[in-house]
Amino acid sequence: MNLLQLGGAQSTCPWNIAQICEQSRTSARAGRSSITSTSQEIMENDVFKYYSEGEWKVSSSGKSVQVINPTTRKTQYKVQACTQEEVNQVMESSRMAQKSWAKTPLWKRAEMLHKAGAILKDHKKPIAECLVKEIAKPATDALTEVVRSGDFVSYCAEEGVRILGKGEFLVSDSFPGNDRTKYCLTSKVPLGVVLAIPPFNYPVNLAVSKIAPALIAGNSLVLKPPTQGAVAALHMVHCFHMAGFPKGLISCVTGKGSEIGDFLTMHPGINCISFTGGDTGISISKKAGMIPLQMELGGKDACIVLDDADLDLAASCIVKGGFSYSGQRCTAVKVVLVVESVADALVKKVNEKVEKLSVGAPEDDCDITPVVTEFSSNFIEALVMDAKQKGATLCQEYRREGNLIWPLLLDNVRSDMRIAWEEPFGPVLPVIRINSVEEGIRHCNHSNFGLQGCVFTKDINRAIQISDAMEIGTVQINSAPARGPDHFPFQGLKDSGIGSQGSIFVWECCVFYAGLIVEKRMMIMVFDAGFSLCFHVGLSVEKKMVIMLPIQSSPFWIFRKPSLRWHVLMEADISGTIFATDFLNEGRGGSVTLNYFWVWQEMGKLKDGKFSRDVIEAMSENPDFVTSQS
Ligand code: G3H
C-alpha cells in the first residue's frame with residue numbers, strides 16, 4: 001500500500017514527503033533570513049561560530065560539523081569543529097572569569113540573569129525556528145521551550161538570591177561528648193568552572209537549567225551543546241552575550257564528540273559536570289574523577305493503571321505522556337502496566353486517541369514529527385520488530401517514512417521483549433497486562449532506570465502506598481510524568497542519574513558548603529559598623545561584621561559593645577594579651593579598644609587603666625554574647 005495515502009488517511013496533518021521537503025526548504029530560507037537579521041555576528045561563510053572569551057570565533061581547524069534536519073534529512077546548518085587547543089583556551093578564560101564573578105555581588109549576578117531571561121524571551125521566534133529545523137520539534141512546543149527557558153532563568157535568579165544568601169550556624173555541644181567550645185558557620189561558595197552538556201531534545205531549556213543556577217551561584221560555565229540543537233543553543237548563548245556578562249564567563253564550544261568529548265569531560269579545569277542524555281553519562285561519570293556530577297540519563301517511566309482508575313483520564317495522560325514530541329522525552333510514559341480487568345477498555349480508549357494524532361512536519365505543528373536521526377529511527381524499528389516477532393499485538397500498522405514513524409501502541413507485551421525494558425525514545429508505546437498491582441510494581445522496580453512513573457486510581461491511600469513502593473525519583477498520581485514546573489525537583493535513581501535539577505534543589509552541583517569553625521581561642525565581636533577588618537583572618541561578613549582575632553594564650557571573650565567611641569584610648573595598654581597591635585594600627589580598631597575599656601571599667605576590673613592577664617582570664621570564665629542590636 002502507498003505510504004503517502006496511508007499518511008493522509010490517518011492524520012489530520014497529512015504527510016507528503018515531497019511537500020514537506022518543499023515546506024522545509026521554504027521555511028529554511030525564511031529561518032535563515034530571520035537568523036541573519038537577529039544575529040549576523042554569530043555566523044561566517046554559512047558556518048556558525050563558537051563562543052569564547054566573549055567573542056564569536058571561527059575554529060582554527062577549518063572544519064565544520066553538519067546539523068542534519070530530521071525532516072528533510074539534508075544539512076540544515078553547520079557549526080565549528082573546535083580543537084582541543086581551543087578547549088584549553090576556553091578553560092583558561094573560564095577559570096579567570098570565574099574568580100572575579102565569584103566576587104560580584106549576588107544581587108548583581110541576579111540582575112544580569114534577569115536581563116538574559118528577558119532577552120531570551122524576546123528572541124523566542126528565531127530560536128524556535130532553529131528547534132523546528134534541527135530537532136523537528138513541533139512549532140508551538142519549540143516556542144514554549146524558549147519562553148519556559150527565559151522564565152526559568154529569571155526564576156532561578158530570584159531563588160538564587162534567597163537561597164545562596166543563607167548559611168548555617170552550628171554549635172558544638174549538640175553532638176554527644178562535646179561542650180560548647182566551637183561555633184561553625186557554613187556558607188555556599190561556587191565550585192569554579194561548570195561544564196554543561198544538554199541533550200538534543202531540549203537544547204535550550206536543558207542548557208539554561210544548568211547555566212542559570214551555575215552562574216547565579218558564582219561559577220563560570222562552559223557549554224557543549226548537542227550537535228542536533230547546537231544552533232538553537234548558540235542563539236541562546238548570544239542572548240547571554242547581549243545581556244553583557246563578563247568575557248569568558250560563558251563559553252560555548254561545538255564539535256565532534258570523538259575530538260573534544262572526552263577531552264572536555266576529563267579536563268582538569270572542570271570543577272563540575274552537569275549532563276543530560278543517554279548512557280554516555282555513565283561513561284562520563286567513570287572518567288570524570290573527583291568532581292561533583294549532576295546527571296539525568298533517561299527513564300523507562302511506568303504508568304500503573306488500577307481497576308478503579310478514571311480510564312478516560314488515564315488514556316488522555318498516556319497519550320500525552322507517551323507521544324508528546326514523538327516520545328522523545330526522558331519523562332515520556334514508556335510502558336503501561338494495566339490491571340487485566342480494565343486492560344481492554346483502556347487499550348480501546350488509548351487507541352481512539354492515537355488515531356487522532358496528527359502526523360507530519362514540525363512546521364505544521366503536527367503531534368508526531370520525524371525522530372531526530374536515522375540511527376534513532378532504526379533503533380525504534382528494531383524494538384518494534386523484536387516485539388512483533390515475539391508475539392506483541394500491534395494496534396496500528398507499523399509505518400515509517402524516512403525518520404517519521406507513525407504512532408504505535410503495542411499490546412500484550414511481555415517481559416521477554418526488548419521494548420518491555422529499553423527506552424525507544426520514539427512514538428511507540430508498549431502495554432503490559434498485569435494480574436496484580438504487585439506485579440506492576442515489581443516490573444517497575446526491576447528496570448535499570450528510575451526516573452519517574454505514574455499511578456492511576458481513585459483511591460489515594462493505594463496511590464500513596466504504590467508510590468512508596470516504586471523505586472523512582474518522582475511518582476505522579478493521576479497525571480503523566482513530566483519534569484516541570486521547572487522549580488520542582490527532578491532527579492532519577494539507578495541508571496537514570498544522580499543529583500537534582502529544578503531551581504530549589506539544584507544547588508548541590510553549583511556550590512560547596514564552606515565551613516568556618518571558630519574555637520574559643522579566638523575573640524568574636526559582632527557589631528553593625530559594616531566596615532571590614534577581614535585582613536586579620538580573612539573573614540568578612542556583610543553588614544554584621546564578625547571579626548576573629550587569635551589571642552595568644554588567652555581564651556575567648558564575647559562582650560557587649562555599648563557604642564562606637566573613637567578617641568581617648570587609642571593608646572591604651574591592654575597588656576598585650578587581647579588585641580594585636582594591628583587592630584590599633586587600623587585606627588578603627590580604636591573604637592573596639594574603647595568599648596573593651598568601657599566594659600572593663602564599668603565592671604570595676606580595670607587596674608590603673610590597664611588590663612592584667614589575671615583579670616582577663618577571670619572574666620573569660622563568664623563570657624557574655626551580646627550583639628550591638630540588643
Ligand atoms: O527529556 C528529558 C526532559 O527532562 C523531560 O522534560 O518532562 O519537560 O518534557 P519534560
Side-chain angles (χ1 to χ4, degrees), residues 70 128 131 134-138 140-153 155-156 196-213 225-226 228-229 232-233 274-281 294-303 317-334 362 367-369 371-373 376 380 422-427 429 449-454 472-476 479-506 509:
L131 293 173
E134 289 182 282
I135 59 166
K137 184 162 274 197
T140 305
D141 291 352
L143 276 174
T144 306
E145 175 173 347
V146 185
V147 173
R148 169 184 182 182
S149 302
D151 288 339
F152 180 81
V153 174
Y155 193 94
C156 195
I197 308 180
F200 81 83
N201 61 347
Y202 285 97
V204 174
N205 184 260
L206 280 171
V208 301
S209 299
K210 302 169 191 312
I211 294 171
Q228 300 295 137
S274 178
F275 174 92
T276 304
D279 51 15
T280 308
Q294 182 278 313
M295 300 212 160
E296 194 269 276
L297 311 179
K300 185 72 184 171
D301 294 8
C303 171
C317 292
I318 286 168
V319 173
K320 184 167 182 282
F323 296 98
S324 297
Y325 186 36
S326 306
Q328 298 174 107
R329 297 164 55 238
C330 305
T331 48
V333 171
K334 299 220 177 81
D367 298 316
I368 304 296
T369 55
V371 297
V372 69
T373 58
S376 300
I380 296 161
E422 295 181 43
E423 194 186 21
F425 235 66
L429 179 58
F449 289 111
L451 190 60
Q452 289 207 358
C454 54
I472 53 180
T474 304
V475 181
Q476 310 252 359
S479 65
R483 175 163 46 109
D486 288 347
H487 62 306
F488 282 10
F490 182 54
Q491 66 245 318
L493 304 176
K494 300 189 268 186
D495 288 353
S496 286
I498 48 176
S500 185
Q501 289 189 97
S503 59
I504 310 275
F505 300 93
V506 73
C509 68

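Remember, it's 1-based here, ligands and their atoms both numbered in the order they're listed. Throughout, numbering of the chain's residues begins at 1 and tracks the sequence.
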Discussion item. If I apply the N/O under 3.5 Å rule, does Arg329 come out as touching ligand 1?
Written reply: yes
I'd like to check which ligand 1 atoms, numbered from 1 as shown, lie under 4.0 Å from a non-hydrogen atom of [X].
X	value
Glu296	2 (C), 4 (O)
Tyr202	3 (C), 5 (C), 6 (O), 8 (O), 9 (O), 10 (P)
Phe490	4 (O)
Arg148	8 (O)

List in chain and number order the residues that pass side chain to side chain donor-acceptor pair (under 3.5 Å) with Gln294, two or more places apart in sequence or in another chain; answer none if no residue qualifies.
->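 So Gln294 forms a side chain to side chain donor-acceptor pair (under 3.5 Å) with Ser274.
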Separation between CD (Glu423) and CG (Asp495), nearest 0.5 Å, reads 10.5 Å
**Asked** With under 30° as parallel and over 60° as perpendicular, where do the rings of Tyr155 and His487 fit, or are they tilted in between?
**Response**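 The rings of Tyr155 and His487 sit tilted, inter-plane angle from 30° to 60°.
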Fill in: Heavy-atom gap Asp486 to ligand 1 smaller than 4.0 Å
no
More than 12 heavy atoms from other groups under 6.0 Å of NZ on Lys494 =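 More than 12 within 6.0 Å, yes.
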- Within a strict 4.5 Å, meaning less than it, do heavy atoms of the Gln328 and Ser376 side chains meet? no
Between Cys454 and Pro481, is there a side-chain heavy-atom distance shorter than 4.5 Å?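 Yes; the side chains approach each other to less than 4.5 Å.
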Ranking Thr276, Asn201, Leu451 by closest non-hydrogen atom to atom 1 (O) of ligand 1, top hit is Asn201
Starting from [atom], which protein heavy atom do you reach first, and at what distance in Å?
atom	answer
atom 5 (C) of ligand 1	Thr331 OG1, 3.3 Å
atom 2 (C) of ligand 1	Cys330 SG, 2.8 Å
atom 6 (O) of ligand 1	Arg483 NE, 2.9 Å

Q. Does Tyr202 have Lys137 sitting over its ring (NZ/CZ under 6.0 Å from centre, angle to axis within 45°)?
A.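 Yes, a cation-pi geometry.
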